[in-house]
Amino acid sequence: MTKPIDFTVYADRIPEPIRADGAGATDLGPRDILRALENPDMLVPPVTDEGTVPNLRFSFSDTNMVLKHGGWSRQITIRELPVATTLAGVNMRLTPGGVRELHWHKEVEWSFMLAGRARITAVDQNGKNFIADVGVGDLWYFPPGIPHSIQGLEEGCEFLLVFDNGAFSDLDTFAISDWFAHTPKEVLSANFGVPESAFKDIPKQEKYIYQGEVPGPIDQVAIPDPFGTRNFTHSLLGQEPVTSPGGSVRVADSTNFPVSENISVALVEVLPGAMRELHWHPNNDEWQYFLTGQGRMTGYAADGTARTFDVRAGDVGYMPFCFGHYIQNTGSETLTYLEVFKSPKYADISLTQWMALVPKEIVESNLNVASEVMDALRKKKWEVVKFPGYTYNDFE
């Protein structure tokens with residue numbers, strides 16, 4: 001039995017839903033103290049929050065785990081995060097030799113390697129095959145209908161999968177074992193030209209993930225292909241980042257990862273005390289996955305509505321199309337996260353750059369801002385900002 005949590009250790013910092021101006025009152029319970037500690041901006045929303053913006057955050061830690069010999073998986077779809085209609089995410093772990101079996105999807109599969117190394121295989125409609133070993137920071141992209149597999153190498157692996165349909169389920173895929181199990185043996189015999197007895201030990205149901213042997217060196221197992229090969233991978237961490245005073249950004253889309261025709265991504269690093277600047281995206285909804293650190297974000301939804309959320313490593317965030325937002329680092333380590341879009345090209349609009357590139361008289365009369373604001377505007381975009389001598393008072 002799990003030992004009860006001793007909340008007396010939190011006695012000097014148990015948060016209450018009371019704002020500095022006295023609004024609110026103590027929470028007499030029952031309550032979840034740990035949740036309140038993790039979500040200070042939901043317990044005491046900024047005074048600028050207003051209206052009924054839907055939930056824009058969900059944690060993989062709150063999802064159901066599918067445990068198999070060979071690894072596990074868990075997913076966040078519209079069933080867990082209803083606002084996330086464009087994309088769904090799967091977090092998967094494979095042991096050394098563990099296999100995500102041969103399968104294909106109706107949806108695009110995009111992936112970011114989180115830990116370890118894996119071997120992936122694929123064959124396209126023209127018979128071009130592909131086999132590659134991928135490591136931390138690498139991407140792969142399989143178009144709809146392209147059959148593929150994933151296997152953990154010596155150290156095993158963990159990765160994020162993103163699919164271009166918020167209603168997707170990783171348990172609803174086309175699997176080779178499932179197809180064999182539901183095809184008459186006489187049909188299998190006729191297709192492959194071997195006796196029915198050759199299929200007496202085929203699986204009776206889908207394997208999904210299973211334990212296999214760690215594969216040998218890639219040059220020893222590669223299959224020579226008379227039709228050539230096709231590349232499905234890209235090294236995101238291998239790219240030179242675009243840096244600014246507060247951190248860095250790496251973008252991968254169809255311009256530098258040609259096979260990725262329907263998914264674009266930015267890997268963003270926000271230093272302590274810095275923030276992803278106020279911006280929005282003119283192409284599609286933003287699906288986020290937080291890799292390290294902690295932060296907060298506010299989604300501005302127009303018509304006087306906005307809502308603030310606290311995020312941390314392992315969370316999925318979501319910003320609907322054109323919502324204004326920022327990501328602020330509220331911790332002592334670098335906040336790293338992925339921005340993923342159902343779009344062939346990455347695009348964002350900088351609030352600061354926009355204001356700098358229209359006549360200042362319009363901005364001044366519209367916002368009634370001081371001249372020092374106008375003097376600080378930059379025509380060049382800084383995706384991540386941090387200003388010397390300035391701190392976020394709430395998080396000092």
Side-chain angles (χ1 to χ4, degrees), residues 87 110-114 134-141 160 162 231 233-298 311 313 317-319 321-331 333-358 376-388 390 392:
L87 299 168
W110 176 96
S111 181
F112 179 85
M113 283 290 292
L114 300 169
V134 290
V136 175
D138 288 343
L139 310 179
W140 71 72
Y141 181 100
L160 174 74
V162 177
N231 183 37
T233 64
H234 176 76
S235 177
L236 183 57
L237 279 184
Q239 289 183 208
E240 190 70 25
V242 176
T243 60
S244 55
S248 67
V249 176
R250 293 174 172 88
V251 172
D253 60 16
S254 61
T255 61
N256 59 355
F257 185 22
V259 71
S260 189
E261 296 178 347
N262 204 37
I263 299 288
S264 57
V265 62
L267 174 62
V268 184
E269 295 176 302
V270 184
L271 299 175
M275 63 180 278
R276 175 73 168 92
E277 69 165 348
L278 289 160
H279 68 286
W280 72 94
H281 300 277
N283 50 351
N284 214 319
D285 298 1
E286 175 183 330
W287 191 95
Q288 306 156 339
Y289 180 66
F290 291 88
L291 297 161
T292 64
Q294 65 180 54
R296 71 169 182 173
M297 63 182 185
T298 299
V311 293
Y318 197 84
M319 280 293 163
F321 175 54
C322 278
F323 274 31
H325 59 285
Y326 63 90
I327 309 287
Q328 185 181 54
N329 188 334
T330 60
E333 64 174 306
T334 299
L335 172 66
T336 309
Y337 72 99
L338 293 165
E339 301 176 355
V340 189
F341 304 86
K342 186 178 179 177
S343 175
K345 293 184 179 179
Y346 178 86
D348 70 345
I349 303 288
S350 162
L351 174 62
T352 300
Q353 186 181 53
W354 175 39
M355 292 170 61
L357 291 173
V358 298
L377 297 178
R378 302 175 310 280
K379 294 178 181 179
K380 182 179 179 181
K381 188 185 299 182
W382 284 358
E383 286 84 358
V384 189
V385 296
K386 182 178 182 181
F387 293 98
Y390 182 81
Y392 303 118

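Just so it is clear, the values below take in all heavy atoms, side chains as well, and ignore hydrogens, waters and symmetry mates.
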Qualifying residues under side chain to side chain donor-acceptor pair (under 3.5 Å), relative to [X], sequence neighbours excluded:
{"X": "T255", "result": "D253"}
{"X": "W287", "result": "none"}
{"X": "E286", "result": "H281, Q288, H325"}
{"X": "T334", "result": "none"}

Notebook entry, point to check: Does K381 have any salt bridge (charged side-chain N to carboxylate O under 4.0 Å, His left out) partners at least two apart in sequence or in another chain, and if so, which?
Noted result: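 Listed in chain order: D348.
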
Item checked: For E339, salt bridge (charged side-chain N to carboxylate O under 4.0 Å, His left out) partners two or more places apart ->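 Salt bridge (charged side-chain N to carboxylate O under 4.0 Å, His left out) list for E339, sorted by chain: R276.
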
In a table with atom names and distances, give each donor-acceptor pair under 3.5 Å that connects a side chain of residues 261-271 to protein atoms at least two apart or in another chain.
| unit_1 | atom_1 | unit_2 | atom_2 | d |
| --- | --- | --- | --- | --- |
| N262 | ND2 | D164 | OD2 | 2.8 |
| S264 | OG | S343 | O | 3.2 |
| E269 | OE1 | S248 | OG | 2.5 |

Item checked: side chain to side chain contact (heavy atoms under 4.5 Å, CB included) between L237 and V136, intermediate numbers included -> CA-CA 8 Å; L237 279 184; V136 175; 4.3 Å; yes

Could I get the full list of side-chain contact (heavy atoms from CB on, under 4.5 Å) partners for [X], not counting sequence neighbours?
{"X": "S244", "value": "W382, V384"}
{"X": "K380", "value": "none"}
{"X": "A347", "value": "P282, N283"}
{"X": "L351", "value": "L278, W354, M355"}

Next item on the list: State, without any angle test, whether T292 and E333 hold a side-chain donor-acceptor pair at a distance under 3.5 Å.
Entry: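 Side-chain D/A pair, T292 to E333: absent.
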
Note to self: Tell me if a side-chain donor or acceptor on D138 pairs with a main-chain N or O of M113 at a distance below 3.5 Å.
What the structure shows: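 The answer is no, because no donor-acceptor pair under 3.5 Å joins these two groups.
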
Item checked: S254 backbone acceptor or donor facing S260 side chain under 3.5 Å ->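 Looks like no, no N/O pair under 3.5 Å.
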
Checklist line | Within-4.5 Å side-chain heavy-atom neighbours: V340 and F112 | finding: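 Result no, sub-4.5 Å side-chain heavy-atom pair not found.
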
Margin query: side chain to side chain contact (heavy atoms under 4.5 Å, CB included), that's the test. Do L338 and V162 meet it? Break it down for me.
Written below: CA-CA 11 Å; L338 293 165; V162 177; over 6 Å; no

Notebook entry, point to check: ring-ring contact (aromatic ring centres under 6.0 Å, His included): which pairs involve residues 233-273, sequence neighbours left out?
Noted result: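 Passing the test, one end in residues 233-273: H234-F257.
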
Notebook entry, point to check: What heavy-atom pair brings S350 and H279 nearest, and what distance separates the two atoms?
Noted result: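 Shortest heavy-atom separation between S350 and H279 comes out as CA-CB, 4.4 Å.
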
